[in-house]
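Contents: one structure, followed by commentary.
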Protein chains: 2
Amino acid sequence: MSKNKKSPQILSSVRNSLRILKSFSTFEPSKKVSELSESLGLAKSTVSRLLSTLASEGFVIKDKKTNEYRLGLSVLTLGGIVTNNLEIHTEAAPVLNKLVNDTGETAHLAIMDGLDTIYIHKEECHHPVRILTHVGRRNPSYSTSSGKVLLAYSEDDTVDKVIENGLVAHTQNSITNPDELRNELEVIRQKGYSVSTEELTIGTRSVAAPIRDHTGKVVSAITVVGPIQRMKDYKIPEIGRKVIEAGKDASERLGYDERFVHRFT
Amino acid sequence: MSKNKKSPQILSSVRNSLRILKSFSTFEPSKKVSELSESLGLAKSTVSRLLSTLASEGFVIKDKKTNEYRLGLSVLTLGGIVTNNLEIHTEAAPVLNKLVNDTGETAHLAIMDGLDTIYIHKEECHHPVRILTHVGRRNPSYSTSSGKVLLAYSEDDTVDKVIENGLVAHTQNSITNPDELRNELEVIRQKGYSVSTEELTIGTRSVAAPIRDHTGKVVSAITVVGPIQRMKDYKIPEIGRKVIEAGKDASERLGYDERFVHRFT
DNA sequence: AGCGTTGTTCCTCTATGCGGAACAATTTAT
DNA sequence: ATAAATTGTTCCGCATAGAGGAACAACGCT
């Protein structure tokens with residue numbers, strides 16, 4: 001009865017357990033059985049059993065006092081493995097350091113996953129006032145500076161899909177018009193960096209530039225985020241220049257050679 | 001028929017899927033169906049189905065070319081959430097930066113999980129020659145400097161359990177004698193820091209000191225790791241002093257007040 | 001080519017995992 | 001204080017989901 005003619009077999013219990021894991025977030029780091037039962041549409045007993053199993057392998061931890069479950073250290077271990085095996089990560093991480101020092105703001109590495117943009121590394125700035133982000137965070141590509149850079153250098157049909165998927169307004173500044181988005185991407189390609197001013201989160205502004213691998217393909221973005229109070233208009237070109245520079249540094253570490261740039265778009 | 005009178009119900013399919021996830025490591029980041037089938041003692045078809053399900057939720061990614069599976073970005077997301085919600089992490093991370101600059105070596109934050117020690121944060125040094133470690137890495141407590149510090153300030157029965165569990169020699173320098181271990185822990189308590197010289201990995205030496213929370217309890221350890229060539233004997237006391245200092249800084253950020261130290265052991 | 005692998009799908013049967021209810025342990029309301 | 005309500009876990013019986021084995025398809029290796 002499924003739409004797909006070729007649907008690989010999915011184990012419902014496993015899928016449900018994974019959905020439980022995914023339901024945790026930075027802002028809701030712990031959940032109760034009944035909450036999950038309702039939000040996932042499963043019987044309490046089912047959720048309870050799934051959680052017990054997850055707990056037995058350290059994927060969640062039960063707080064004996066409150067009966068709340070939170071993510072366990074097993075997921076931390078796995079996350080570390082992923083991080084260590086992403087080439088971009090190991091090569092570009094040192095560049096982030098320099099960028100943080102040069103700009104005084106928090107920097108990230110981001111890649112595309114599907115239509116979203118995910119932070120794969122974070123280097124925190126030393127300022128007491130900081131933007132709350134986290135590694136692994138998934139954001140809509142059309143509303144972040146890193147996402148827009150990645151879109152600007154991705155296949156046309158990726159942009160099409162993003163648009164088809166809907167441009168939701170997260171703030172008043174969000175880009176919701178397809179033409180406006182395409183235009184913005186063109187501007188980004190010309191300038192070489194992208195800026196997002198309160199397009200996703202009120203009070204924050206970010207600047208991003210592309211990172212290319214040895215084939216010249218844009219594989220990730222390097223980005224700087226800060227509160228708008230510190231990211232003043234007049235500073236943006238200077239920050240843009242620094243971010244582009246950092247992107248180039250990182251690209252070179254990945255084996256990219258600028259002399260071959262004309263081979264690619 | 002189980003030994004436990006009160007055994008919570010475990011779902012085998014879920015458990016097997018989690019076992020698959022756990023079987024990945026930094027050194028074996030990708031696996032084939034047949035490998036997993038053998039190592040886990042499950043039918044190929046079973047493993048294939050489990051992997052499909054894991055892939056459908058982004059927990060693993062299938063390489064179309066090689067048919068190998070590796071961990072997906074979902075686990076990165078989860079790892080970031082855990083990191084963000086560990087109080088020690090957010091408070092102590094800035095201290096790591098300073099320590100890396102002061103010592104020129106890679107620094108970690110570590111906590112105990114069960115009988116093992118896990119790195120929850122890493123700040124890489126700028127040296128080209130670096131020790132390969134990763135966040136989430138689980139090590140035996142009795143063979144690392146951070147683990148020994150944590151043991152030195154933990155309940156007696158934790159130490160007993162570690163000993164009961166067996167002191168395995170990972171290198172010629174590993175502590176395998178219970179009395180020797182207990183003695184070492186006493187020395188650590190007197191000195192305030194611990195040293196591990198090739199006790200787990202040949203060629204590396206590490207120094208660690210405790211971090212206390214607002215109640216005075218030792219909740220984590222701060223540690224510096226480097227190749228023995230750079231971690232010369234004569235430097236160790238100086239490094240020890242710096243690590244202790246960093247531990248105190250971090251403790252204060254967690255609300256620890258030294259004046260109340262005599263209230264606790 | 002042909003053989004030895006590989007991973008996925010199909011198939012059958014059993015055992016597993018589902019939902020509902022009962023229970024126990026709390027917390028909230030009165 | 002006691003009662004009422006809400007929590008999470010265990011029990012239970014039935015239906016079905018999931019395990020293993022075999023067949024099939026796709027490669028890769030001599």
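Worth saying up front: this structure is predicted, and the values here are computed from it rather than measured. Chain letters run A, B, ... following the sequence lines, proteins first, then strands; residues in each count from 1.
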Members of residues 38-51 of chain A that approach DNA chain C, where some heavy atom sits under 4.0 Å away: Ala43(A), Ser45(A), Thr46(A), Arg49(A)

Cation-pi geometry met for Arg212(A) and Tyr153(A) (6.0 Å, 45°): yes

Electrostatic pair Arg70(B):Glu68(B) at N-O distance under 4.0 angstrom: no

Secondary structure of DNA chain D in dot-bracket form (Watson-Crick or G-U wobble, distances below 3.5 Å, | marking inter-strand pairs): ||||||.|||||||||||||||||.|||||

Leu54(A) CG - dG17(C) P separation (whole Å): 13 Å

Side-chain N,O (Lys62(A)) to OP1/OP2 (dT9(D)) below 4.0 Å: yes

Most 5' of Ser12(A) and Thr66(A) on DNA chain D, judged by nearest nucleotide: Thr66(A)

Main-chain N/O of Glu28(A) paired with Ser25(A) side-chain donor or acceptor, under 3.5 Å: yes

Separation of dG7(C) C1' from Glu68(B) CD (nearest whole Å): 13 Å

Side-chain donor or acceptor of His108(B) paired with backbone N/O of Thr106(B) under 3.5 Å: no

Separation of atom NZ in Lys32(B) from atom P in dT8(C), rounded to whole Å: 12 Å

Residues Asp156(A) and Lys161(A) bridged, charged N to O under 4.0 Å: no

Atom pair distance, as rounded to whole Å: CG in Leu11(B) and C1' in dG19(C): 14 Å

Nucleotide dA19(D), atom C1' - distance to CD1 of Ile20(B) in whole Å: 13 Å

Tyr119(A) side-chain N/O to Asn139(A) backbone N/O, donor-acceptor pair under 3.5 Å: no

Donor-acceptor pair between Thr144(B) and Thr117(B) side chains, under 3.5 angstrom: no

Position toward the 5' end of DNA chain D (nearest nucleotide), Val33(A) or Ser13(A): Val33(A)

Distance below 4.0 Å between Tyr69(A) side-chain N/O and dT7(D) OP1 or OP2: no

Arg15(B) with Glu57(A): basic N within carboxylate O range, under 4.0 Å: yes

Between P of dT16(D) and CG of Asn16(A), the distance in whole Å: 17 Å

Nearest-Å distance for atom pair CG/C1', residues Asn67(A) and dG8(D): 6 Å

Short side-chain to backbone donor-acceptor contact, Ser74(B) and Gly58(B), under 3.5 Å: yes

